[in-house]
Protein chains: 2
Amino acid sequence: MTQVADSGTAQRAVLFDEDRPLALACGRTLAPVEVVYRTYGALNSARDNAVFVCHALTGDAEASGPNGWWSTMVGPGRPIDTDRLFVICPNLLGGCRGTTGPSSIDPRTGQAYGLGFPPLAIADLVTVHRALLAHLGIERLHTAIGGSMGGMQVVQWLIDAPGEIADAVLVGASPRLSAQNIALSAVARRAILEDPDFHGGDYASHGVRPDRGLATARRLAHVTYLSEAGMAQKFSRAEPEGWASVDDGARWVAPAYDVESYLEHQAAIFLARFDALSYLYLTRIMDAFDPFAAPVALDPASRALVVSFDSDWRFGTAHSVALAAALRAGGLGTVEEHVIASPWGHDSFLLDVPAYIEVVRRFVAP
Amino acid sequence: MTQVADSGTAQRAVLFDEDRPLALACGRTLAPVEVVYRTYGALNSARDNAVFVCHALTGDAEASGPNGWWSTMVGPGRPIDTDRLFVICPNLLGGCRGTTGPSSIDPRTGQAYGLGFPPLAIADLVTVHRALLAHLGIERLHTAIGGSMGGMQVVQWLIDAPGEIADAVLVGASPRLSAQNIALSAVARRAILEDPDFHGGDYASHGVRPDRGLATARRLAHVTYLSEAGMAQKFSRAEPEGWASVDDGARWVAPAYDVESYLEHQAAIFLARFDALSYLYLTRIMDAFDPFAAPVALDPASRALVVSFDSDWRFGTAHSVALAAALRAGGLGTVEEHVIASPWGHDSFLLDVPAYIEVVRRFVAP
């Protein structure tokens, strides 16, 4: 059977239902769980060329193609080469881009779950990923790849199902958040929780959205995704035109510098495509992530590539060093580490940084 | 005449009035300008032992004593020794701790200025400081000292009035903000400006305060005042008790980790003593600060001590290095630089870090 290459049509699958609900780490169950995913390329007859892409906090299933969030990495001729690999990328459990999440309708009430949605763990996301893999009739992955929170999912998967992933690519990931990481997420969450339009998570039934809080979260996140040097390179520090003689307090305190306009632009784009409840849930699952707290037994036949960026201060090299050490201590066969020079901070994992792209290309190459 | 040492009673002075208004950098005038200040110790008969303390963004006139914000630095037996020095510390123009600011009553309207308050510059703050000095009959300062935005004021003063400051102590200061610095302040300002209780700055007449926005600003600021390592040392990363089995979404996304409780505590304290309009105005004046953009001519008889902390990522060593270079290029007589090892980030300037305290003590000693 020859399969025709898929260039990324969105597909849906109900992976858990009332008869077979998803058992969550918190002890509760969830049903139904519907997943939106995309595939790129063709699965070969040996079914051994599948690559699973785990997206980060605010990503979605559209990893590749002209509007794909990771088209530098995934596509024809890219390191994850869809001319020879079959790529699967689902929207995450808890997300808001098609897969079941806290703003989905709870069938028991006919209303959005809101904060009635159960707490999640990275392990729950991986359970859903694995159910999707089974649904597609694939037993073992050629490669699982993820940046930032995407990398955390791959790490959890290596632990939960040794042997299911041949090669893992972990970029800007962390085995355990620092107190600063938690604090930065906490500031964002509080801005959402305190937005008067949040209504205890029940904003859908009020016909509003906590856009102010979510915009604050996004602005803050963007500051932490870039480095100080990267920002200096990207944005003029010049005064806004006519600034020296501005004598209107309202105009003076409003956004005026280049970098302020950038943050406003990023916030506006984000509000059009993301949901506040998903932001709360998906940031919180990172805080508790600590998969090496208990001993793990990893597959000695698996390999991992661990990549960090020298200017990343959100999940920088110290996190990757700790991650690589934990993988080795856990028995993973090969762990290759690279620190890539790039001024673009945490954002680098999404960008066309040649040394980074090349390192992944070499690792993934047949 | 023997003066009795003052241990810090708050005093008031109207330094500018309708007959002699304050001429601001933006071109507007302001009157009246009332300043609340405190003094510690006694002015000697030669009037040459005066030390001026410039406070940072959220400080006030109470630099010393049991509740003083800088009692590690200022007091009997401290580096700024009030047993032999006469210390003056005013609340800043634009502040909210007694000195005229945007929440003061505009005599023309009988209402709070709000965003009708004129834009300010660091130079305006220095003009008011100098008026206070004249009011006290002091012509030349033994020392001017400030940390963070306080240091910026001292730098401006060195430029605006060569000869008026014998020795300057500049701690965690910057000659020019980075785009990242501006961005961090911008996120905070937007949270205040978008708070529905802000009412375009007219919140006083609505009988409310934009506490949510101001709390967001403070939480974010505190994350940037500490370093990642300092936070790791200060806060347990352990899961909140019973966390693994929390099955209530509302409880799960609410603050729970140590560092989250710390941020909530800091926000609550801050709301009780600070004003949102002052936050907008005093952060904004730092963005435009660029006193070495044009050539300066500093006093070759003056000395400066420039101190930074190795873990400060808000106004770190790179800022101090640039500042020291600019002071030297501007002709200042002596510029002494020190980088102090301390895990406490920008906050270090307020703390009892022995190497830092000792460096200032040696510099200030007779």
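Note on naming: letters A, B, ... go to the chains in the order of the sequence lines (proteins, then strands), and numbering restarts at 1 for each one.
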Any carboxylate oxygen within less than 4.0 angstrom of a Lys/Arg side-chain nitrogen, looking at A:Arg314 and B:Glu228?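 Here A:Arg314 does not pair with B:Glu228 in a salt bridge, since their nearest N and O are not under 4.0 Å apart.
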Could you go step by step and tell me if A:Glu260 and B:Arg189 meet the side-chain contact (heavy atoms from CB on, under 4.5 Å) rule? CA-CA 10 Å; A:Glu260 296 183 284; B:Arg189 278 195 300 270; 3.0 Å; yes
So which residue, B:Ser178, B:Gly27, B:Pro118, ends up with the most heavy-atom pairs under 4.5 Å with chain A? B:Ser178
Counting heavy-atom pairs under 4.5 Å to chain A, which of B:Asp247, B:Val259, B:Leu280 comes out on top?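 Of the options given, most contacts go to B:Asp247.
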Treating A:Arg237 as the side-chain partner and B:Leu177 as the backbone partner, does any N or O pair qualify as donor plus acceptor under 3.5 Å? yes
For the residue pair A:Ala288 and B:Tyr257, what are the closest heavy atoms and their distance? CA-OH, 3.3 Å
Any idea which heavy atoms bring A:Arg284 and B:Ala254 closest together, and the distance? NH2-O, 2.6 Å
Contact origin within B:Leu220 toward chain A - heavy atom pairs under 4.5 Å: both
So what's closer than 4.5 Å to chain A heavy atoms on B:Asp287: side chain, backbone, both or neither?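 Contact with chain A involves both backbone and side-chain atoms of B:Asp287.
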Does any non-hydrogen side-chain atom of A:Arg190 lie less than 4.5 Å from one of B:Arg212?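 Contact flag for B:Arg212/A:Arg190 side chains = no.
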Any side-chain heavy atom of B:Phe117 within less than 4.5 Å of one from A:Val253?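 Answer no - side chains too far apart.
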Against chain B, work out which of A:Val187, A:Asp248, A:Leu277 has the most heavy-atom pairs shorter than 4.5 Å and name it.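 Looking at each of A:Val187, A:Asp248, A:Leu277 in turn, A:Val187 comes out on top.
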Among A:Ala232, A:Ser227, A:Ala229, A:Gly249, who wins on heavy-atom pairs under 4.5 Å with chain B?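 Greatest number of close heavy-atom pairs with chain B: A:Gly249.
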What's the spacing between B:Phe235 CZ and A:Ile182 CD1 if we round to 0.5 Å?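 Separation between the atoms: 11.0 Å.
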